[in-house]
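All residue numbers refer to positions in the sequence shown, counting from 1.
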Amino acid sequence: MGTLSPRAVLVPTLVLVALWAPCVVSRQPNFIVILADDVGWGDLGANWAETKETPHLDRLAAEGTRFVDFHSAASTCSPSRASLLTGRLGLRNGVTHNFAISSLGGLPLNESTLAELLQGAGYSTGAVGKWHLGHHGHHHPNSRGFDYYFGIPYSHDMGCTDSPGYNLPPCPPCPRHSSRVARKDCYTEVALPLYENLTIVQQPVELGSLARRYAEEAARFIQRASDSGRPFFLYLALAHMHVPLTPPVPPAPGRGVYGASLGEMDALVGRIREVADSLGKGSTLLWFTGDNGPWAQKCELAGRLGPFVGAWQRQRGGSSAKQTTWEGGHRVPALVYWPGRVPAGRTSHALLSTLDIFPTLLALAGAALPPHRRFDGLDVSPVLFGWSDVGHKVLLHPNSGAAGKEGGIEALRLAQYKAFYTTGGAMACDGSTGPEERHQPPLIFNLDRDIQEQEPLAVASREYQAVLPAISRAYAQALQDIAADNVSVADYSQDPAAIPCCSVQHVGCRCHGATQDPHVENRTPGLCL
């Protein structure tokens, strides 16, 4: 096991939180949210000393604030992203599991997105990268508050490509003739599409150039928004570190493919930071985090958990990372950089979540929360500014595929205590899965003493008996609050007609001229509405 990086000293709290008011920010700031995919908490050198491939992210940590008890709102793609953009858990916003390439629905249209609300507050809004919240009809990003979109509609392993990259098991390239070979765990029928707004500009995507194109389009959007004189919100949802991995250069000895891909992601973040700084330091808040923990079944192509190994589960089989409610599934790296506003070199131990991005950015923009619904996120501006180090008293962790009903709440955090009413392990590198187990009374771990989640408190112990009533009350109150809320229901029905396809006449929906740059005129106009 590796060693934790030395923790920075907390900035003394000299300002009362009660003095906080939105007027502290004299003008509407720009926002950049960078969401990495399947990244491990230990994939940042600032978090885990053995990681050497992230100098740009480590610099962000040194010049901003690092959050070490920060959590994704779910442990898998679509629910995590839906919660980030709505500030609401899947049981409220309706998104409890992933959407498919043939999904008719998406994030329910009655749910207000962060982009829609910032757009209404005068912001120019752009999304670059992975969407995975529905692509058919009005579920497309352009209909969900984003003025500009460039990216792929779902994960980049959900379609074939001509250069498939590194995956386990390996997947074949797209077929060029009518003979098609099905391959378990691989999408071989339809090529992966790349969109610019409503137009498919490339199918299949050239994965090897995707990171460069994301960086270029993000920089173009920032420059256009800056030239317009309007504040902007950029949501940059990276393909890194999800498989297939496509490192820009042949892997060097050491961490190999994963390390080379991690270095590419780090360089991309560094470039975006440079573009933001060029607008004038202090004008842009940059928030980097991840959608969930590493995908352990991908073995050496999966990220580092750091100390969050879920030892209790590992002893019983299966993975304790992505798709689980163990710390490795939802504790993710998080950095906030805002020169002159967010303290540099600070480490925060506040219990925070991607749910908090929604209300925090709205507060900083001077925009109101939508009425007639409840939110799971908090405005954590005082924590960002170093005035407080207090976050959530209670944080809920929804089931994300490994055990229990998807989206159901059967694990929660109360201060340093983590309670499980259901446990289970996702598929591990060795192919094992952990059995679903129900716990009544719940398993309770004290994370202050047992960050590896190895030994639950003995039920008969004084500590367990002292904390159980508070956990039981918090759990019951949370479920009652959700039941009384204005909740949405996502449409998970599927139809092959919803699959993005720019040319039904060609095998795999291949576009002629699919290698054209999207900024060159007369490109193939493939629409999927």
*Asks:* Applying ring pair (Phe, Tyr, Trp, His ring centres under 6.0 Å), run through Tyr123 and Phe232 and close with a yes or a no.
*Replies:* CA-CA 5 Å; Tyr123 276 71; Phe232 67 81; 8.3 Å; no
*Asks:* Using side-chain heavy atoms (C-beta onward) and a distance below 4.5 Å, is Val269 in contact with Ile272?
*Replies:* no
*Asks:* What are the two closest heavy atoms between Gly391 and Ala350, and how far apart are they?
*Replies:*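 Result for this residue pair: N-CB, 3.9 Å.
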*Asks:* Begin from the C-alpha positions of His135 and His140 and carry the test ring pair (Phe, Tyr, Trp, His ring centres under 6.0 Å) through to its verdict.
*Replies:* CA-CA 4 Å; His135 52 273; His140 186 280; 8.9 Å; no
*Asks:* Please check if the number of heavy atoms outside Lys281 that lie under 6.0 Å from its NZ is greater than 12.
*Replies:*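 Buried by this count: over 12 neighbours within 6.0 Å.
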*Asks:* Please verify the inter-ring angle class for Tyr195 with Tyr149; under 30° counts as parallel, over 60° as perpendicular, anything in between as tilted.
*Replies:*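 Plane angle between 30° and 60°, so tilted.
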*Asks:* For the residue pair Phe445 and Trp312, does the interplanar ring angle fall in the parallel (under 30°), tilted (30 to 60°) or perpendicular (over 60°) class?
*Replies:* perpendicular
*Asks:* Can you confirm whether Leu84 sits close enough to Leu355 that some side-chain heavy atom of one is under 4.5 Å from a side-chain heavy atom of the other?
*Replies:* no
*Asks:* Less than 6.0 angstrom separating the ring centers of Phe99 and Tyr154, yes or no?
*Replies:*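 No, the ring of Phe99 stays outside the 6.0 Å limit from the ring of Tyr154, centre to centre.
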*Asks:* How about Cys171 and Cys160: are their SG atoms under 2.5 Å apart?
*Replies:* no
*Asks:* For a quick check under 3.5 Å, do Asp43 and Thr51 share a side-chain donor-acceptor pair by atom type?
*Replies:*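 Not at all, the side chains of Asp43 and Thr51 share no donor-acceptor pair under 3.5 Å.
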*Asks:* Backbone N or O of Ala296 within a donor-acceptor pair of the Ser319 side chain at under 3.5 Å?
*Replies:*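 Answer holds: no.
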*Asks:* So, the side chain of Ser278 versus the backbone of Val275: is there a donor-acceptor pair under 3.5 Å, distance only?
*Replies:*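 Yes.
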*Asks:* Hey, mind stepping through Glu410 and Asn399 against side chain to side chain donor-acceptor pair (under 3.5 Å) and telling me if it holds?
*Replies:* CA-CA 7 Å; Glu410 293 177 298; Asn399 299 331; 2.7 Å; yes
*Asks:* In Å and rounded to the nearest 0.5 Å, what is the CG to OG1 distance from Leu107 to Thr86?
*Replies:* 6.5 Å
*Asks:* Do Thr76 and Asn98 have a side chain donor and acceptor closer than 3.5 Å?
*Replies:*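 A donor-acceptor contact under 3.5 Å links the two side chains.
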*Asks:* Can you label the angle between the Phe67 ring and the Phe70 ring as parallel, tilted or perpendicular, going by 30° and 60°?
*Replies:* tilted
*Asks:* Looking at Arg81, His156, His242, His132, which one forms a side-chain hydrogen bond (donor to acceptor under 3.5 Å, both in side chains) with Asp37?
*Replies:* Arg81
*Asks:* Is a side-chain N or O of Thr125 found less than 3.5 angstrom from the main chain of Leu234, in a donor-acceptor match?
*Replies:* no
*Asks:* Measure the OG1-CD distance between Thr325 and Glu453 for me, rounded to the nearest 0.5 Å.
*Replies:* 8.0 Å
*Asks:* Check the pair Asp389, Ser348 against side chain to side chain donor-acceptor pair (under 3.5 Å), reporting the backbone distance first and the verdict last.
*Replies:* CA-CA 6 Å; Asp389 208 40; Ser348 169; 2.5 Å; yes
*Asks:* Mark yes or no for whether Asp450, through its side chain, and Leu447, through its backbone, hold a donor-acceptor pair below 3.5 Å.
*Replies:* no
*Asks:* Is there side-chain contact between Leu335 and Thr65, with at least one heavy-atom pair below 4.5 Å?
*Replies:* no
*Asks:* His397: which residues meet the side-chain hydrogen bond (donor to acceptor under 3.5 Å, both in side chains) condition with it, sequence neighbours left out?
*Replies:* none
*Asks:* Does a salt bridge link Asp69 with Arg413, judged by any charged N lying under 4.0 Å from a carboxylate O?
*Replies:*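 Salt bridge: yes.
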*Asks:* Do the side-chain N and O atoms of Arg144 and Thr113 include a donor-acceptor pair separated by under 3.5 angstrom?
*Replies:* no
*Asks:* Classify the ring geometry of Phe150 against Tyr148: parallel below 30°, tilted from 30° to 60°, perpendicular beyond 60°.
*Replies:*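 Ring orientation, 0 to 90° scale: parallel.
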*Asks:* Looking at Lys52 and Asp58, does any basic side-chain N land under 4.0 Å from a carboxylate oxygen?
*Replies:*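 Salt bridge absent between Lys52 and Asp58.
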*Asks:* Could you check whether Lys418 pairs with Glu327 (Lys NZ or Arg NE/NH1/NH2 to Asp/Glu carboxylate O, under 4.0 Å)?
*Replies:* yes
*Asks:* Under 4.5 Å between any side-chain heavy atoms of Tyr258 and Tyr166, yes or no?
*Replies:*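 When only atoms from C-beta onward are counted, Tyr166 and Tyr258 do not touch, as no gap falls below 4.5 Å.
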*Asks:* Begin from the C-alpha positions of Glu274 and Arg271 and carry the test salt bridge (Lys or Arg N to Asp or Glu O under 4.0 Å) through to its verdict.
*Replies:* CA-CA 5 Å; Glu274 288 178 2; Arg271 180 175 177 187; over 6 Å; no
*Asks:* Is Arg212 paired with Glu216 through a side-chain N to carboxylate O contact shorter than 4.0 Å?
*Replies:* yes
*Asks:* Any donor and acceptor pair, going by atom type alone, linking the side chain of Glu436 with main-chain N or O of Gly425 inside 3.5 Å?
*Replies:*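 A pair under 3.5 Å: no.
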*Asks:* For Arg59 and Glu63: C-alpha separation, side-chain torsions, deciding distance, then whether salt bridge (Lys or Arg N to Asp or Glu O under 4.0 Å) applies.
*Replies:* CA-CA 6 Å; Arg59 183 183 169 197; Glu63 298 181 9; 3.0 Å; yes
*Asks:* Is a side-chain donor or acceptor of Thr324 paired with a backbone partner of Ala321 at a separation under 3.5 angstrom?
*Replies:* yes
*Asks:* Using a 4.5 Å cut-off on heavy atoms from C-beta on, say whether the side chain of His439 contacts that of Thr422.
*Replies:*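 With C-beta onward as the side chain, the pair stays apart.
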*Asks:* Strictly distance-based, threshold 3.5 Å: is any side-chain N or O of Trp338 a donor or acceptor partner for the main-chain N or O of Gly282?
*Replies:* yes
*Asks:* Under 3.5 Å, is there a donor-acceptor pair linking the side chains of His240 and Asp266?
*Replies:* no
*Asks:* Keeping the roles fixed (side chain from Thr54, backbone from Gly45), state whether a donor-acceptor pair exists under 3.5 Å.
*Replies:* yes
*Asks:* Please determine, by modelled atom types, if Ser83 and Arg88 share a side-chain donor-acceptor pair under 3.5 angstrom.
*Replies:*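 No - no donor-acceptor pair under 3.5 Å links their side chains.
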*Asks:* Indicate whether the side chain of Asp291 and that of Ser80 have a donor and an acceptor atom separated by less than 3.5 Å.
*Replies:* no
*Asks:* Measuring centre to centre across the rings, with the benzene-like ring taken for any Trp, is Tyr337 within less than 6.0 Å of Trp287?
*Replies:*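 Judged by ring-centre distance (under 6.0 Å), Tyr337 and Trp287 do not meet the cut-off.
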*Asks:* Please report the shortest heavy-atom distance between Gly377 and Asp356, naming the atom on each side.
*Replies:*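 Nearest heavy atoms, Gly377 then Asp356: CA-OD1, 3.4 Å.
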*Asks:* Would you indicate whether the side-chain heavy atoms of Leu305 and Trp41 approach each other to under 4.5 Å?
*Replies:* no
*Asks:* Checking the side chain of Glu264 only, and the main-chain atoms of Leu268 only, is there a donor and an acceptor separated by less than 3.5 Å?
*Replies:*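 Not confirmed, Glu264 side chain does not pair with Leu268 backbone.
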*Asks:* If you look only at pairs with a residue in residues 310-322, which of them pass as a salt bridge (charged side-chain N to carboxylate O under 4.0 Å, His left out), with sequence neighbours excluded?
*Replies:*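 Applying salt bridge (charged side-chain N to carboxylate O under 4.0 Å, His left out) to every pair that reaches into residues 310-322, excluding sequence neighbours, yields Asp38-Lys322.
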*Asks:* Just do the side chain to side chain donor-acceptor pair (under 3.5 Å) check on His392 and Asp376 with the steps written out, would you?
*Replies:* CA-CA 10 Å; His392 291 259; Asp376 299 290; over 6 Å; no
*Asks:* Compute the ring centroids of His97 and Tyr492, then answer whether they are less than 6.0 Å apart.
*Replies:*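 That pair passes the under 6.0 Å test.
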*Asks:* Is the shortest heavy-atom distance from the side chain of Phe308 to the side chain of Ile451 under 4.5 Å?
*Replies:*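 SC-SC contact between Phe308 and Ile451 confirmed.
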*Asks:* Any side-chain heavy atom of Leu285 sitting closer than 4.5 Å to one from Asn30?
*Replies:* no
*Asks:* State whether the number of non-hydrogen atoms from other residues, nucleotides or ligands found under 6.0 Å of Glu455 atom CD is greater than 12.
*Replies:*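 Count not over threshold, so no.
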*Asks:* Does Glu206 reach the main-chain N or O of Gly208 with its side chain, forming a donor-acceptor pair under 3.5 Å?
*Replies:*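 Looks like yes, one N/O pair under 3.5 Å.
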